[in-house]
Number of protein chains: 2
Amino acid sequence: MDWLTNKINLPDQGFYQKALNKQAQLTKPLGSLGLLENIAVRLAALQKTEQPAIEKVWVSVFAADHGIAEESVSAFPQVVTTEMVKNFANESAAINVLSRFVNADFEVIDVGLLAATDISGIIVERAGNGTANFAKQAAMTEEQLRKALTTGKSAVERAKKQQSQLFIGGEMGIANTTSASAIAVALTGLPVAQLTGAGTGLDDAAIQHKAKVIQQSLILHQKFLENPLKVLQYLGGFEIAALLGAYIFSAQQGLPVLIDGFICSVAALLAVKINPETKSWFFYAHRSQEKGHQIVLEQLQANPLLDLNMRLGEGSGAVAAVPLLQMACKLHNEMATFEQAEITTQ
Amino acid sequence: MDWLTNKINLPDQGFYQKALNKQAQLTKPLGSLGLLENIAVRLAALQKTEQPAIEKVWVSVFAADHGIAEESVSAFPQVVTTEMVKNFANESAAINVLSRFVNADFEVIDVGLLAATDISGIIVERAGNGTANFAKQAAMTEEQLRKALTTGKSAVERAKKQQSQLFIGGEMGIANTTSASAIAVALTGLPVAQLTGAGTGLDDAAIQHKAKVIQQSLILHQKFLENPLKVLQYLGGFEIAALLGAYIFSAQQGLPVLIDGFICSVAALLAVKINPETKSWFFYAHRSQEKGHQIVLEQLQANPLLDLNMRLGEGSGAVAAVPLLQMACKLHNEMATFEQAEITTQ
């Protein structure tokens, strides 16, 4: 897993400055396009260009099952993970509709459903038959972790091969907010209650039960949680490991990443802890309604684009934000300057 | 101006309920698409359809000059209004780039620049050579008000003729935040300081001067500000009157409206005071960085889609939000139901 700490390039300062200067010349009060200006300038620096563009978007949805589902921590039964993968393959889920809308390349990867399936059109790179129940033992072996990380890396290789300009990772896995919350607590040291939410729709009593399961699991494993990769191995999910691998490799390959909601942000936090320069390559799509997301965003010093009370996962919030990135680029490239438009500036 | 209070249809309760029921069957936890669910359901009820759609979008930018600019209330000189109209006509401003991106029909209307121009490709319906300086006299005559309102109505007639499914109004007019702030104070009774902001980029001292100009003007005209139309006549701008006329007529014609930032929201507040049912037809695009917008949004009980620190005007924030409305519709229409996808729900 040594590749995780391989070098990541910083944004190009020359193109950053050029883009900033250009924004000051466009026919609008400086700063009046708000975050859209910031996005265009960052993308120019990352893409090393005066004409940043997000025309080709890549979406990989990683799906896996979670042993912790045994502990009654989700509002939906575990079988739904596989059923939703079929829904993705049939192009009928929210993420499919959104990916079509932005004309993104879309793929689903079975990183470890409970059992192998005969669903056609999906990529199969199984690290196991779901993770083990982390309330009782480590969620995965080191070998399984390595495999799931590599699955994320491979998705980015496919995205790069298609000349994608933006990588979006999504996730599906019943009980995976339990895993993400446990990881977030282990990484931040904050109280479990602050980072544990309703997931797909738990009531208050069920959320308290979920928090208790997480708390006890953290106590069980505490002496093994010595670094981010160990945290992931003991508490994680295969799809979270795949997201982590994808995020870090995407940054290493110079491919900007758009982070979705709570679970993806936890993977992003792992990435930043393991290889801090990943951060330069991350854009944050939205503030999820899932409790805990706000805290994870703060840890990442993230300023997401959307705040629509979404909490679906699948990468849906990220794809919903794609048009904003595209508009930011178009504005930067196509607006006239004050000089071109002969506009008086004083 | 009697037409302003003509009847406006309420959303269809049958289609509203059908759309709500459908949202509960789509393959996602109920509510997990947040505001996007709400948008789809509202549009279904307004368009009286099971398949809401925002394919054809109309953008009318109303431009006019303001006598109050004499009082040094803007960071830009008055000539910029006309220069920007030329920029719009040349398709080189932010609103042009954004309108192209969403494939909207776009037009610019001279509702009363300081002087007639020879700019080609714009619509000319001039209510005057800019408004009068409302620090000294009424901004416009009743006849001018009537004319500017009608200009807004005509824009909606053109939009309807093109089978547009969404009306967006934009505005351009140096010093028009001063007019909008004055109107907002008159309508809400709140302190001037709370509703007066930086506009295109004033510093603190200049904002205080602007607030003082507004305060004194309100004192000058106070006995005439007896209803929303009088407020508009004494303190308004031709483009604000055009927006008001457009918003009300759009609702009367059954054409949903997407409201842009501060100035447009003040026009929306006037509309709601004059004909309360307009409200059912309004969607709010974004929270502008302009001070005062938050208060006006609260008065409208608005929950806007975007919060990107934008403060450009021109309709730019509204057009930036169009893809979200379109995605809301696509999700509603194209996602599989639990039954179709054979997904276990308990």
Side-chain angles (χ1 to χ4, degrees), chain A residues 26-36 38 75-77 79-80 83-84 86-87 90-94 96-98 100-102 198-201 288-289 305-314 316-317 319-320 322-324 326-327 330-331 333-336 340-346, chain B residues 26-36 38 75-77 79-80 83-84 86-87 90-94 96-98 100-102 198-201 288-289 305-314 316-317 319-320 322-324 326-327 330-331 333-336 340-346:
Chain A
L26 298 176
T27 48
K28 58 176 173 57
L30 183 60
S32 63
L33 286 171
L35 276 181
L36 300 184
N38 179 256
F76 280 83
V79 65
V80 170
E83 291 172 346
M84 279 301 296
K86 199 173 154 194
N87 201 23
N90 287 338
E91 302 186 3
S92 301
N96 302 101
V97 176
L98 295 170
R100 270 199 298 279
F101 182 80
V102 302
T200 50
S288 159
Q289 209 183 21
L305 286 159
L306 296 172
D307 187 356
L308 299 172
N309 286 334
M310 292 173 75
R311 53 177 171 84
L312 176 56
E314 304 178 2
S316 58
V319 182
V322 165
L324 293 174
Q326 295 175 323
M327 287 188 270
K330 300 269 186 200
L331 288 161
N333 301 336
E334 297 179 17
M335 281 179 73
Q340 286 165 345
E342 298 177 340
I343 286 173
T344 312
T345 52
Q346 51 158 359
Chain B
L26 298 177
T27 48
K28 59 178 172 57
L30 182 59
S32 63
L33 287 171
L35 276 182
L36 300 183
N38 179 257
F76 281 82
V79 64
V80 169
E83 290 172 346
M84 280 301 295
K86 198 172 155 198
N87 201 23
N90 287 338
E91 303 186 0
S92 300
N96 302 100
V97 176
L98 295 169
R100 268 200 299 278
F101 182 79
V102 302
T200 50
S288 159
Q289 210 184 19
L305 287 158
L306 296 173
D307 187 356
L308 299 172
N309 285 334
M310 292 172 75
R311 52 177 173 82
L312 176 55
E314 304 178 2
S316 58
V319 181
V322 165
L324 293 173
Q326 295 176 323
M327 287 188 270
K330 300 272 186 197
L331 288 162
N333 300 337
E334 298 179 17
M335 281 180 72
Q340 287 165 344
E342 298 177 336
I343 286 173
T344 312
T345 53
Q346 52 159 354

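Numbered from 1 within each chain, the chains take letters A, B, ... in sequence-line order.
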- Do you know which of B/Asp307, B/Val319, B/Asn38, B/Thr27 has the most heavy-atom pairs under 4.5 Å to chain A? B/Thr27
- Task: Check A/Pro323 against B/Met327 and note the closest heavy-atom contact, atom names and distance.
- Result: CG-CE, 3.8 Å
- Task: Go through B/Ser288, B/Ala93, B/Ala341, B/Ala94 and name the one with the most non-hydrogen pairs under 4.5 angstrom from chain A.
- Result: B/Ala94
- Task: Pick whichever of B/Gln340, B/Glu314, B/Lys86, B/Gln326 has the most heavy-atom pairs under 4.5 Å with chain A.
- Result: B/Gln326
- Query: Which answer fits B/Leu308, side chain, backbone, both or neither, if we ask what part of it has an atom under 4.5 Å from a heavy atom of chain A?
  - Reply: both
- Message: Heavy-atom cut-off 4.5 Å, strictly under: side chain, backbone, both or neither for B/Leu33 against chain A?
- Response: both
- chain B heavy atoms under 4.5 Å from A/Ile343: which part of the residue, side chain, backbone, both or neither? both
- Approximate separation, where rounding is to 0.5 Å, of A/Leu36 CG and B/Met310 CE: 5.0 Å
- Among B/Val97, B/Val102, B/Val322, B/Val79, which residue forms the greatest number of heavy-atom pairs with chain A at distances under 4.5 Å? B/Val97
- Message: Between B/Asn90 and chain A, with a heavy-atom cut-off of 4.5 Å, which part of the residue counts as in contact: side chain, backbone, both or neither?
- Response: neither
- Item | Interface moiety of B/Leu26 toward chain A, non-hydrogen atoms closer than 4.5 Å | neither
- Return the set of residues passing salt bridge (charged side-chain N to carboxylate O under 4.0 Å, His left out) with A/Glu334 (not counting sequence neighbours), or none when no residue passes. B/Arg100
- Inter-residue atom distance B/Asn96.CG - A/Leu331.CG, 0.5 Å rounding: 10.5 Å
- If you look at every heavy atom in A/Phe76 and B/Pro29, which pair is closest and at what distance? CE1-CG, 4.2 Å
- Task: Select, from A/Asn333, A/Leu35, A/Leu312, the one with the greatest count of heavy-atom pairs under 4.5 Å involving chain B.
- Result: A/Leu312
- Task: Measure A/Leu324 against the heavy atoms of chain B and call it side chain, backbone, both or neither at under 4.5 Å.
- Result: side chain
